[in-house]
Amino acid sequence: MAAACLWPALGAPRRPGGPPLPEGAALLERDLHATAERLGPDGRGWVRLFAPLVREHEALLEDILRPLPRVPRHPLLLARFGLRGLPSAAWIAQTQFRTPQARALWAGLAAHTTLPLSTPGTAAMTLVLGLLAHAVGWPFPAGGAQALADALAAYLRHLGGEVLTGVTVRGPADLPPARVTLVDSSPRVLLDVLGERAPARYRAALEGFRYGPGIQKFDYALSGPVPWADPQVARAATVHVGGPAADIAAAEAVVALRIPARPYVLTAQHTLFDPSRAPAGQHTFWAYTHIPNGSAGDAQAVVEAQLERFAPGFGGRVLACTRTTAAQLQAFSPVFQGGDVNGGRGDLWGLLARPVLSPTPYRTPVKGVYLCSSATPPGGGIHGMAGHHAALAALKDEFGLQEVP
Ligand SMILES: Cc1cc2nc3c(=O)[nH]c(=O)nc-3n(C[C@H](O)[C@H](O)[C@H](O)COP(=O)(O)OP(=O)(O)OC[C@H]3O[C@@H](n4cnc5c(N)ncnc54)[C@H](O)[C@@H]3O)c2cc1C
């Protein structure tokens with residue numbers, strides 16, 4: 001995967017994220033101390049919060065990128081993380097920071113959870129996103145995200161595997177006989193695959209699985225780069241557009257119910273760092289915003305009003321735009337039920353019981369069938385860890401392999 005990654009190949013954007021503010025952008029530098037320098041009186045607090053996590057990130061990630069109901073490998077470290085991560089992101093913002101820049105930077109990270117920022121436990125994912133930005137950066141594949149799927153498929157074929165596309169699995173009859181089946185889909189699809197074989201209690205747990213808000217996405221072709229009012233924003237590949245922390249919090253507080261008038265918009269401007277993705281001089285740019293799960297409402301006007309607010313003249317650069325609705329996302333991948341790209345709610349219970357409370361939630365009651373999608377720990381994201389842990393469980397149960405190199 002690293003070979004396909006822009007990070008070492010083409011040089012990285014120096015700032016993984018930066019929410020534009022009316023006063024100017026708050027920028028998340030790869031370097032922790034460089035970030036702190038720009039945060040004025042909150043610089044020391046930013047370092048105090050992140051430095052211990054960044055320093056021990058490898059050990060910490062070992063414990064948090066797997067099911068939580070397990071004996072931790074690094075209990076003290078996990079406990080320290082837990083103390084900071086159990087509160088809400090809003091509480092951390094209020095108690096740790098006082099500048100609008102630091103609060104907005106923090107809120108922009110926190111809004112990835114698609115939960116109200118006052119939800120207990122939202123500080124945990126905020127910390128993880130921040131520590132990853134400082135420890136390893138937020139890389140993206142050269143040439144586009146398809147490069148990642150191509151690389152994985154090529155490796156599977158190299159090992160003798162076969163990839164079938166264009167086939168929708170709706171039940172057990174759609175699957176070939178196999179000793180082990182790993183289902184990379186939503187709990188709803190797993191229910192269909194298990195059919196009558198699912199015991200009533202397990203069936204009820206999957207039926208009650210809670211999805212989070214969805215997203216609506218806009219892919220733009222632009223005649224030039226986004227004309228950010230603050231030119232510093234052109235140095236960030238990922239840009240959280242939402243304004244001050246209070247605006248971001250207000251938007252995320254209502255997205256489960258309606259499309260906010262001033263939404264939080266998550267954007268990426270990859271062609272600034274990877275010109276291979278667009279014709280010379282032109283740019284790609286995508287933006288998505290959170291919407292109620294399954295909503296068919298059109299968010300384009302409010303999203304573009306936000307973009308114009310922070311990048312006056314944005315509309316004049318748009319050559320074409322494709323809108324992807326929640327229903328289209330779900331059709332693209334049934335994992336994204338109602339447009340939920342996190343594979344289920346990420347509140348405390350959603351993190352603990354994913355989809356059921358178990359140290360090995362990948363295992364289903366049906367022998368040989370495993371769930372390995374983002375509806376299992378550690379949840380959404382391009383990390384591959386759910387598949388990794390599900391494969392380890394299958395290797396142990398079905399092939400007697402305890403330790404896999
Ligand atoms: C626009 C967008 C931007 C994102 N940006 C980021 C980001 O920058 N960083 C990040 O870490 N994460 C990001 N994510 C989230 C990330 O993509 C998901 O959390 C992750 O892909 C979930 O992995 P998964 O294996 O559960 O599902 P998927 O990646 O969707 O894989 C499941 C696969 O199985 C197939 N499938 C499922 N059910 C069936 C069925 N019944 N029959 C046949 N095939 C089926 C699907 O078509 C799909 O190919 C983003 C998501 C979106 C939509």
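We count ligands from 1, going down the list as the structure has it; atoms in each ligand are counted the same way. Just so we're clear, the structure is a prediction, and the values are computed from it rather than from any experiment.
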Q: Thinking salt bridges, do R103 and D42 make one under a 4.0 Å N-O criterion?
A: no
Q: Can you confirm whether or not the ring centre of W286 sits under 6.0 Å from the ring centre of Y288?
A: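 Yes, close enough.
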Q: For Q232, does its backbone N or O pair with a side-chain atom of D230 as donor and acceptor, under 3.5 Å?
A: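 A pair under 3.5 Å: yes.
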Q: Suppose I only count heavy atoms of T168 and a 4.0 Å limit; which atoms of ligand 1 are within that range?
A: 42 (N), 43 (C)
Q: Please report whether atom 14 (N) of ligand 1 has a protein non-hydrogen atom at a separation of less than 4.0 Å.
A: no
Q: Establish whether atom 29 (O) of ligand 1 and some protein heavy atom are separated by less than 4.0 angstrom.
A: no
Q: Nearest heavy atom to atom 18 (C) of ligand 1 wins, so pick from V193, N342, V341, L164.
A: V341
Q: Is ligand 1 under 4.0 Å from a heavy atom in the side chain of I382, in the backbone, in both, or in neither?
A: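 Contact part for I382 vs ligand 1: both backbone and side chain.
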Q: Might you point out which heavy atoms bring R70 and Y362 nearest each other, and give the distance in Å?
A: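 Residues R70 and Y362, closest heavy atoms: NH2-CE1, 4.3 Å.
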Q: When you measure from the heavy atoms of F336 to every atom of ligand 1, does any distance fall below 4.0 Å?
A: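 Yes, that is the case, since the closest heavy atom of the residue is under 4.0 Å from the ligand.
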Q: Applying side chain to side chain donor-acceptor pair (under 3.5 Å), run through Q101 and R38 and close with a yes or a no.
A: CA-CA 9 Å; Q101 278 76 11; R38 300 176 60 96; over 6 Å; no
Q: What protein heavy atom is closest to atom 46 (C) of ligand 1, reported as residue, atom name and distance in Å?
A: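 For atom 46 (C) of ligand 1, the nearest protein heavy atom comes out as S333 OG, 3.5 Å.
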Q: Which residue and non-hydrogen atom of the protein lie closest to atom 27 (O) of ligand 1, and at what distance in Å?
A: V335 CG2, 3.4 Å
Q: What atoms of ligand 1 come closer than 4.0 angstrom to any heavy atom of S373?
A: 26 (O)
Q: Do the charged groups of R345 and D340 touch, with an N to O distance under 4.0 Å?
A: no
Q: Suppose I only count heavy atoms of G380 and a 4.0 Å limit; which atoms of ligand 1 are within that range?
A: 19 (O)
Q: Tell me if the aromatic rings of W46 and F97 count as close, with their centers under 6.0 Å from one another.
A: yes
Q: Please say which of R309, E308, E304 ends up in a side chain to side chain donor-acceptor pair (under 3.5 Å) with Q306.
A: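 One option only clears the test, and that one is R309.
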Q: Please tell me if atom 6 (C) of ligand 1 is touched by the protein, where touching means a protein heavy-atom distance below 4.0 Å.
A: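 No.
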Q: Please list, in number order, the atoms of ligand 1 under 4.0 Å from a heavy atom of K217.
A: 1 (C)
Q: Closer than 3.5 angstrom, by distance alone: can the side chain of N293 be matched with the main-chain N or O of G212 as a donor-acceptor pair?
A: yes
Q: Heavy-atom contacts with V189 under 4.0 Å: which atoms of ligand 1 show up? List them by number with element.
A: 41 (N)
Q: If we count only non-hydrogen protein atoms and require a distance under 4.0 Å, does atom 49 (O) of ligand 1 qualify as touching the protein?
A: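 No.
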Q: Please verify the inter-ring angle class for W138 with H240; under 30° counts as parallel, over 60° as perpendicular, anything in between as tilted.
A: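 W138 vs H240 ring planes: tilted.
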Q: Using a 4.0 Å heavy-atom cut-off, which part of D184 comes near ligand 1: side chain, backbone, both, or neither?
A: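 D184 to ligand 1: contacts from backbone and side chain alike.
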Q: Relative to ligand 1, is Y288 under 4.0 angstrom through side chain, backbone, both or neither, heavy atoms considered?
A: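 Under 4.0 Å from ligand 1, Y288 contributes side-chain atoms alone.
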Q: Run down the list A237, S185, G381, A386 and name the one with the heavy atom closest to atom 37 (C) of ligand 1.
A: S185
Q: Using heavy-atom distances only, which candidate in G171, G339, P334, G379 approaches atom 36 (N) of ligand 1 most closely?
A: P334
Q: With respect to S374, determine whether any N or O atom, backbone or side chain, lies less than 3.5 Å from an N or O atom of ligand 1.
A: yes
Q: Can you tell me which portion of V167 lies within the under-4.0 Å heavy-atom range of ligand 1? Options are side chain, backbone, both, or neither.
A: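 The part of V167 near ligand 1 is the backbone, not the side chain.
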Q: Any salt bridge linking R188 with E207? Criterion: basic side-chain nitrogen under 4.0 Å from a carboxylate oxygen.
A: no
Q: Kindly assign one of parallel, tilted or perpendicular to the pair F50 and H134, based on the angle between their ring planes and the thresholds 30° and 60°.
A: perpendicular
Q: With heavy atoms only and a cut-off of under 4.0 Å, state how F332 meets ligand 1: side chain, backbone, both or neither.
A: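 For F332, only backbone atoms sit under 4.0 Å from ligand 1.
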Q: Starting from atom 41 (N) of ligand 1, what is the nearest protein heavy atom, named by residue and atom, and what distance separates them?
A: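 Closest protein heavy atom to atom 41 (N) of ligand 1: V169 O, 3.0 Å.
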Q: Whether the side chain of T122 engages the backbone of S88 through a donor-acceptor N/O pair (distance < 3.5 Å, no angle test) should be reported.
A: no
